[in-house]
There are 2 protein chains.
Amino acid sequence: MTDLTSPGAATAPTKRGRGEKSSATIYDIAKLAGVNPSTVSRALSKPGRVSAKTQKIIEDAAEQLNYQVNPFARALPTGRTQTIGLIVADITNPTFFDIIRGAETTGSARDYTLVLAESAESPETEVTAARRLLSTVDGLILASPRMDDDHIRALSADKPVVVINREIEGVPCVVPDVNKGISEAVRSLAANGHQKLAYVAGPAQSWMTGRRWEGVKAAAEWSKLSAARLESSKPTVDGGRQVAREVLESGATAVITYNDLLAIGLMQELQAGGMRVPDQISIVGFDDIFGADFTTPALTTVRSPLGECGTRAVTILLDVLQGHDAPEEAVSVETELVVRGSSGRLLT
Amino acid sequence: MTDLTSPGAATAPTKRGRGEKSSATIYDIAKLAGVNPSTVSRALSKPGRVSAKTQKIIEDAAEQLNYQVNPFARALPTGRTQTIGLIVADITNPTFFDIIRGAETTGSARDYTLVLAESAESPETEVTAARRLLSTVDGLILASPRMDDDHIRALSADKPVVVINREIEGVPCVVPDVNKGISEAVRSLAANGHQKLAYVAGPAQSWMTGRRWEGVKAAAEWSKLSAARLESSKPTVDGGRQVAREVLESGATAVITYNDLLAIGLMQELQAGGMRVPDQISIVGFDDIFGADFTTPALTTVRSPLGECGTRAVTILLDVLQGHDAPEEAVSVETELVVRGSSGRLLT
DNA sequence: CCATCCTTGTCAACCGGTTGCCAAAAATTG
DNA sequence: CAATTTTTGGCAACCGGTTGACAAGGATGG
């Protein structure tokens with residue numbers, strides 16, 4: 001365990017005259033070990049470039065001085081910062097929590113630090129934030145970016161960029177393959193006697209909302225169900241409540257929503273209006289966010305492995321940084337239906 | 001809007017021979033403006049040190065070259081990075097989501113970038129992460145830290161540190177004042193005819209769990225209720241389910257839990273066992289996390305303004321960085337009872 | 001035993017800013 | 001108009017590493 005209490009009082013680095021504790025530099029080590037600073041640099045970062053003997057001496061000295069590289073001094077000539085940036089559209093949206101966590105954990109395991117920024121759903125803010133981050137990180141991950149393809153390609157030309165939840169020609173992407181999960185959902189609904197399906201769409205600028213609708217449409221066709229597309233005002237609990245009336249009017253007995261928040265809001269509003277879920281209407285959400293199982297009944301949902309998306313994105317990014325090639329095709333991660341209580345047999 | 005497409009082809013900075021786009025330096029600007037690099041540096045960072053005329057010339061040149069400072073080059077001599085670190089105990093714990101968001105938003109507004117790390121509830125990991133971050137950020141925020149006071153003080157001696165959700169002598173802290181919220185909760189329960197109260201505690205190493213218990217005990221005494229303390233295995237939904245039996249056996253008709261997750265798990269388990277909430281038992285959570293209103297009935301809870309904690313912590317940190325003094329006392333933010341459906345009159 | 005090659009450490013330049021010190025230029029004052 | 005003070009810009013050192021070029025030292029081979 002790192003010992004924080006001993007500032008190495010014996011052979012203090014002593015740089016600033018005052019009592020300030022400043023960390024040791026490679027020059028301090030060099031002096032202590034009796035070699036040239038550049039040798040220290042090599043010993044510490046170029047394995048094999050220095051004889052085992054000197055290596056040992058230098059490492060001991062470094063240890064004794066409690067040396068830590070100054071990341072900025074290193075970054076200046078090399079450009080490498082051991083840092084990756086992550087930009088999410090909305091920090092409050094739980095969809096991103098898992099992505100953040102996956103990215104942080106994976107990065108951390110490979111000694112990279114995560115730098116986080118939010119675009120607040122604004123394409124302009126996103127571009128600005130991306131530009132700002134790009135200069136200080138080794139690579140960038142964009143989760144559900146709102147800016148247009150060209151901007152992303154421009155960033156990508158500068159430094160490695162990986163995109164989550166969207167496919168962009170020429171940029172490595174990690175995208176949940178919605179088809180599997182959706183067909184499971186639709187098949188399950190069909191098996192339970194449903195015939196009229198509704199899809200509640202998300203925001204127009206989200207690439208995913210269209211993708212999911214296509215999946216639903218195709219699966220419904222295959223299972224010989226009818227499918228109607230309804231629009232929501234915003235992809236939140238509130239938005240879900242607001243679309244409830246439309247859902248009822250559509251006559252659908254099963255609803256798949258763009259995301260879980262919509263599903264939860266919709267369910268709350270329908271239940272408040274006296275509808276029984278799932279007896280009278282089945283509701284299936286999307287993503288399996290935190291809290292999806294807090295509802296009564298618990299929400300059936302198509303799980304997107306968001307955490308894995310974060311993990312994969314970081315992995316790809318770090319691989320690219322190490323000189324590997326990025327996957328040509330978008331990397332797809334599997335989705336699956338999680339059956340809970342909000343969907344089931346129709347009991348009219 | 002930032003124009004990403006024009007790399008300034010006309011007067012390209014031209015540094016690396018190859019087609020690589022490297023951004024312009026102050027030397028490029030100096031040449032273009034016909035002044036010394038140091039003058040450029042001053043014009044760009046020391047307002048007033050340079051005559052208005054030269055200032056203008058330099059700014060124009062910078063604009064034309066699409067100049068951006070190199071943060072590392074600046075950080076090297078100054079130590080300033082325009083960056084703050086945030087360490088949370090558990091990224092998956094929704095309690096921290098709001099803190100993260102508050103911190104990111106506030107920092108961003110004052111042109112600071114947020115660097116995020118997780119300790120995975122381990123004191124050792126936390127110390128390591130803190131050490132690693134500390135060297136690259138201007139200041140550090142520790143949310144519900146798990147390491148001991150001395151380690152925190154050691155960090156604090158190095159660079160400004162602000163702690164959230166814990167009080168430590170000599171370190172600026174932001175702590176929700178639980179008393180107001182708790183007394184509201186207990187008074188409300190007493191008014192609803194409850195007499196036996198139980199408190200479900202959280203993890204022992206959490207400073208907050210004790211604090212909350214004391215609040216509950218004091219408020220119960222004041223309102224002439226009995227209060228029993230029960231232990232949970234872990235502060236999660238699962239932990240809540242596991243403690244349900246004990247709660248029943250305690251004979252309490254009202255429960256206050258260390259956090260919302262426990263409350264939600266507890267409620268699910270009790271309901272699964274046939275108990276009616278709130279008719280037979282009232283449940284009050286803590287924090288008002290995302291999803292607390294997804295349950296049926298929606299959870300009554302003592303809201304901790306976590307987002308505000310993040311905001312306040314960043315504000316204090318940046319103030320300190322600007323030379324202001326840190327508040328002597330721990331800054332306390334108000335908690336309040338949010339009455340929803342899970343608490344109410346006892347109907348036996 | 002000397003020529004040759006490989007290993008290993010040193011020198012010095014460089015990354016891109018910041019800043020103390022000084023002198024030239026401008027402004028103020030008598 | 002000269003003397004003095006205040007601005008303003010330039011010089012050069014420095015932050016703490018990295019790295020190409022090179023030479024000294026050691027091992028190997030003929």
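These numbers come from a predicted model, not from an experiment. By convention in this document, chain letters (A, B, ...) are assigned in the order of the sequence lines, proteins followed by strands, and residues within each chain are numbered from 1.
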What nucleic acid atoms does B:T78 come within less than 4.0 Å of, heavy atoms only: base, sugar-phosphate, or nothing?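 Contact class for B:T78: sugar-phosphate only.
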
Base, sugar-phosphate, or nothing for B:S38, non-hydrogen atoms under 4.0 angstrom?
->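 Base contact.
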
- Message: For B:Q205, is the CD atom crowded, meaning more than 12 foreign heavy atoms sit under 6.0 Å from it?
- Response: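 Check passes, neighbour count above 12.
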
Counting heavy atoms not belonging to A:Q322, are there more than 12 under 6.0 Å from its CD?
->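 Yes, enclosed.
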
Nearest-nucleotide comparison on DNA chain D, the residue closer to the 5′ end among B:T39 and A:S41
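Looking at the nearest nucleotide for each, B:T39 comes out on the 5' side.
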
* How do A:R42 and A:I26 order along DNA chain D: which one's closest nucleotide is nearer the 5' end? ->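 It is A:I26 whose nearest nucleotide is closer to the 5' end.
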
Grab the [atom1]-[atom2] distance between [X] and [N] for me, whole Å please.
| X | N | atom1 | atom2 | value |
| --- | --- | --- | --- | --- |
| B:Q68 | C:dG17 | CD | P | 11 Å |
| B:I58 | D:dT8 | CD1 | P | 13 Å |
| A:L76 | D:dT19 | CG | P | 12 Å |
| A:L44 | D:dG17 | CG | C1' | 11 Å |
| B:K46 | C:dT19 | NZ | C1' | 6 Å |
| B:K31 | D:dG9 | NZ | P | 21 Å |
| B:N70 | C:dG16 | CG | C1' | 6 Å |
| B:Y27 | C:dC14 | OH | C1' | 10 Å |

Taking DNA chain D as the partner, which of residues 47-57 of chain A come within under 4.0 angstrom of it by heavy atom?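 The stretch gives none, as no residue of it lies under 4.0 Å from the strand.
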
Original post:
Nearest 0.5 Å, what's the CD1-CD1 distance between A:I164 and A:I141?
Top reply: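 Answer rounded to 0.5 Å: 5.5 Å.
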
**Message:** Any donor-acceptor pair under 3.5 Å linking the side-chain atoms of B:R132 with those of A:T113?
**Reply:**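 Yes, side-chain donor-acceptor contact under 3.5 Å.
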
Compute whether any side-chain donor of one residue and acceptor of the other, for B:T81 and B:D138, lie under 3.5 angstrom apart.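 Yes.
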
Exercise. Is there side-chain contact between A:S45 and A:R74, with at least one heavy-atom pair below 4.5 Å?
Worked result: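 Heavy-atom side-chain distance check passes, below 4.5 Å.
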
Problem - Nucleotide nearest B:N36 when distance is taken to its side chain, options C:dG16, D:dT19, D:dC11 - result: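 Looking only at side-chain atoms, B:N36 lies closest to D:dC11.
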
Point to revise | Position toward the 5' end of DNA chain C (nearest nucleotide), B:A73 or A:G34 | key: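 Result: A:G34.
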
Here's a test for you: under side chain to side chain contact (heavy atoms under 4.5 Å, CB included), which of B:T106, B:V174, B:T105 qualifies with B:T311?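 Between B:T311 and the candidates, side chain to side chain contact (heavy atoms under 4.5 Å, CB included) is satisfied uniquely by B:T106.
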
